[in-house]
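Here is the structure we will look at, set down as structure tokens.
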Amino acid sequence: MALSNSEIADIFNQMADMLEIKGENPFKVRAYRNAARTVQNLGKSLDSLMEEGMELTKLPGIGHDLAESIAEIIETGKFSKLEALKKEMPEGLDKLLSIEGLGPKRIRQLYDTFHITSLEELAKVAESGEIYTLKGFGPKLVEKILKGVRLAKKAGHRFRFDVAKPFAEELRSYLENFEGVIDVEVAGSYRRKKETVGDLDILVVAENWERVVDWFVAFEKIKEVVSKGPTRSTVILRNDLQVDLRSVAKESYGSALHYFTGSKAHNIKIRKMAIEKGWKINEYGVFQGERRIGGETEEQIYRMLGLRYIEPELREDRGEVEASLEGRLPKLVTLEEVRGDLHVHSNWTDGHASIREMAEAAKAKGYDYIAITDHSRHLTVAKGLDEKRLREQMEAIDKLNETLDGITVLKGIECDILEDGSLDLPDSVLNELDIVLGAVHYKFNLSKKEQTRRIVKAMQHPCFNVLAHPTGRIIGHRNAYELDMGEIFKACKNEQVALEINAQPERLDLNDIYAKVAKEEGIKLSVATDAHDPMSLDFMEYGINQARRGWLEKEEILNTRTLKQLKALLKKG
DNA sequence: GCCGTTTTCGGCCCGACTGTTTTCAGTCG
């Protein structure tokens, strides 16, 4: 069985960790990490790329050796170089890297001296005091390590964007309204609208930093003040979200914002371009020798490098710099361009509001249309509709439309894709609907081949319009089901099926990477909320964030169209 | 281990902070 891209990326990351602890050439370590990132960012599985006979060395950061390594991993499921390293050094050492304050050098020291390979052994040596015999280990560090061991289970935890957002925005206005504060921006992955954020990086331009920091650490939702320094202060909020506040000089604002917005890979690329011009970019500005020649705004930095401005959502080193150079950056879709919502539930099944209430809430948002897409009969827990009740609902919608002004309700269904790939309702009724979403709600654990065959077969049904939450993943809870995405994309093209970006913040499915591939393949997308109540129509924002991260433009999204255009697009053939 | 219009060797982003030192290594973002 071929390994997935993320499994291969994990292998390379583990390889990098082990090499680092071994003390290998740091650039070799970096090469493995770069390769892991490249693999993770691919929209197509490596095994299918190999099957197609693609030269893997064409991928950035993959050279002769790594291409062979990938081939070996795909063929055998194992990586002999990693296996060999594990014989030299026990597995588990790389887990210690997650402890704050412990890096490769100190882990090596601990292993060489005490043969420490686990958190338990580490705690023992730290508590007994033996650890102090090592050079460079003082009381503060040891305390930090012990704390890290206790927190190890939580390590690596990231917060969903929607969870972090209220804290970010509350802090933003809390700081903005303090006297002497000139500029506030929440940078980092939050500004890039990533689906999860590790922490919040807030930049502040202020006349009196000391007083701003005092104000900051007095914020009521803070659990712990970690540090309070002359340029930076770190706190932990009650929900364990870490917030870094950074003082920035006015003239450095652009370069600081760029630096702290990231991503790291994007920044490295930009800095390399500066080097080629004989400049240096850091968080304080653009420099020629000692002389500052720019950095007040991000726009200026990009302009100096001969680049068009790159939106934060694109800054992942997924081709945006090249696209910018060549003047082919996408004009990213905006929330304002959305004219309707194509995945909405009502209290006919598991929704909490009537169709009218949903329609009026949508109208209040300025939409022209919504599609009511309740569940089909197989989903009994949600009171799924059988043909009879669906026909009743269709009639009710027709009547409702006669009384509604300024918004149209489309008749739809979120139809279960059964295990054999057939749809959960008869053709006779599906034919009469305005829109048919197909979705998988059970049997998530079929083999890749079976699951792909199941979904492709369903998509071949002539009424099938949109594949809803295509991969089934739930952020932090459930992985995507095994699926050959190449085959799914192919079927989308052949059958004129659109893919959904489900805007539920725990789904955001398709993800950004697949959304970009879908775009490149010429596939249409529907950004839809799957709302079960009027408030959830606001989730559209998260779906649009993901669409923007997937490089999508207005034209590629069904629900930016007028009702007339949309209806034409939904009619196949 | 990758990469290349200064190309097959010799570079590889850049700086701050912390804790430990007494001038700096290690870690982090």
Side-chain angles (χ1 to χ4, degrees), chain A residues 12 15-39 56-70 79 81-82 96-110 131-132 134-145 147-148 155 187-190 197-203 226-234 242-248 252 255-256 258-287 295 305 317 321:
Chain A
F12 285 160
M15 188 74 189
D17 287 345
M18 301 281 273
L19 288 173
E20 203 169 25
I21 295 166
K22 198 185 163 201
E24 264 279 6
N25 175 359
F27 298 106
K28 186 196 268 195
V29 173
R30 187 185 296 174
Y32 274 103
R33 292 206 202 285
N34 285 341
R37 216 180 51 80
T38 293
V39 169
L56 296 183
T57 52
K58 292 223 169 74
L59 298 171
I62 309 289
H64 173 263
D65 289 17
L66 279 167
E68 281 197 346
S69 300
I70 290 171
F79 186 25
K81 285 184 181 167
L82 181 59
L96 299 178
L97 278 172
S98 68
I99 305 286
E100 212 181 322
L102 279 192
K105 301 279 161 52
R106 288 176 184 150
I107 289 173
R108 184 68 205 236
Q109 255 182 304
L110 287 162
I131 200 168
Y132 291 112
L134 295 179
K135 193 170 171 234
F137 284 72
K140 289 261 179 71
L141 180 60
V142 171
E143 191 187 330
K144 195 171 176 181
I145 289 171
K147 195 173 169 189
S189 48
Y190 182 81
V197 301
D199 57 16
L200 294 176
D201 283 308
I202 306 182
L203 308 190
V226 178
S227 72
K228 220 177 122 181
T231 64
R232 173 182 164 181
S233 173
T234 299
Q242 178 174 320
V243 185
D244 290 346
L245 188 76
R246 293 166 196 275
S247 165
V248 175
S252 300
S255 34
H258 185 260
Y259 173 71
F260 287 111
T261 296
S263 68
K264 193 171 172 176
H266 174 88
N267 287 352
I268 288 173
K269 198 145 207 168
I270 296 297
R271 287 176 177 198
K272 279 183 179 166
M273 288 183 71
I275 291 170
E276 280 165 26
K277 290 190 185 288
W279 304 335
K280 181 179 74 172
I281 295 183
N282 57 27
E283 57 263 52
Y284 302 108
V286 183
F287 295 89
L305 295 172
D317 190 21
V321 175

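Letters A, B, ... are given to chains in the order of the sequence lines, protein chains preceding strands, and every chain is numbered from 1. All values below were derived from every heavy atom in this structure, side-chain atoms included, with hydrogens, water molecules and symmetry-related copies excluded.
A/F79 and A/Y32 have tilted rings, their planes meeting at an angle from 30° to 60° on a 0 to 90° scale.
Here B/dG1 presents its P atom at 8 Å from CG of A/L19, a figure rounded to the nearest Å. Rounded to whole angstrom, the span from the CG atom of A/D244 across to the P atom of B/dT27 amounts to 20 Å. Regarding A/I21, its CD1 atom lies at a distance of 14 Å from the P atom of B/dG26, rounded to whole Å. If you take CD of A/Q109 and C1' of B/dT20, they are 12 Å apart, rounded to a whole angstrom. Whole-Å rounding puts the A/F260 CZ to B/dC14 P distance at 16 Å. The CG-P distance, from A/L141 to B/dG26, rounds to 12 Å in whole Å. Rounding to whole angstrom units, NZ of residue A/K135 and C1' of B/dT23 are separated by 11 Å. Atom CZ in A/R271 sits about 11 Å away from atom C1' in B/dG29, given to the nearest Å.
Within the nucleic acid shown, A/K144 has no heavy atom closer than 4.0 Å to any nucleic acid atom. A/P26 comes within 4.0 angstrom of no nucleic acid atom, judged by non-hydrogen atoms across all strands. Counting non-hydrogen atoms under 4.0 angstrom, A/N25 reaches a base of the nucleic acid. A/Y259 comes within 4.0 angstrom of a nucleotide base, judged by non-hydrogen atoms across all strands.
With both ends at atom C1', the span from B/dG11 to B/dG19 equals 32 Å, rounded to whole Å. A gap of 16 Å separates the C1' atoms of B/dT23 and B/dC17, to the nearest Å. When the C1' atom is used for both B/dT20 and B/dG26, the distance is 10 Å, rounded to whole Å. B/dT18 and B/dC12 are spaced 27 Å apart, taking the C1' atom of each and rounding to whole Å. B/dT21 and B/dA16: their P atoms are spaced 24 Å apart (whole Å). A gap of 13 Å separates the C1' atoms of B/dT8 and B/dC2, to the nearest Å. For B/dG10 and B/dG15, the C1' atoms lie 24 Å apart once the distance is rounded to whole Å.
At a threshold of 4.5 Å between non-hydrogen side-chain atoms, the residues A/V226 and A/Q242 do not count as touching. For the pair A/D199/A/T234, no side-chain contact is recorded, criterion being any heavy-atom separation below 4.5 Å from C-beta on.
Listed by residue number, the members of residues 277-285 of chain A with any heavy atom below 4.0 angstrom from DNA chain B are A/K280, A/I281, A/N282, A/E283, A/Y284.
For A/F27, whose side chain is taken as the heavy atoms from C-beta onward, the closest listed nucleotide among B/dC14, B/dG1, B/dG29 is B/dG1. Considering only side-chain atoms of A/S227, the nucleotide from B/dG1, B/dT18, B/dT27 that sits closest is B/dT18. Side-chain proximity of A/P104 to B/dG29, B/dT18, B/dT27: nearest is B/dT27. Distances from the side chain of A/Y32 to the nucleotides B/dG1, B/dT27, B/dT20 place B/dG1 closest.
The main-chain N or O of A/K135 is found under 3.5 Å from a side-chain atom of A/Q109 such that the two form a donor-acceptor pair. Between the side chain of A/R108 and the backbone N or O of A/K22 there is at least one donor-acceptor pair closer than 3.5 Å. A distance-only check finds a donor-acceptor pair linking the side chain of A/S233 to the backbone of A/S227 [under 3.5 Å]. Under the 3.5 Å distance criterion, the side-chain polar atoms of A/N267 are matched with a main-chain donor or acceptor of A/Y259. One N or O on the side chain of A/R106 and one on the backbone of A/G101 form a donor-acceptor pair closer than 3.5 Å.
The side chain of A/T231 contributes an N or O atom lying less than 4.0 Å from OP1 or OP2 of B/dC17. For the pair A/K81 and B/dG1, the criterion of a side-chain N or O lying under 4.0 Å from OP1 or OP2 is met.
Closest-nucleotide positions on DNA chain B for A/H64 and A/L97 were compared, and the one nearer the 5' end corresponds to A/H64. Residue whose closest nucleotide on DNA chain B sits further toward the 5' end, between A/G136 and A/R106: A/G136.
Summarising the base pairing, B/dG4 is matched to B/dC9 through a Watson-Crick or G-U wobble pair whose two defining distances lie under 3.5 Å.
The CG atom of A/L66 lies 5.0 Å from the CZ atom of A/F12; values are rounded to the nearest 0.5 Å.
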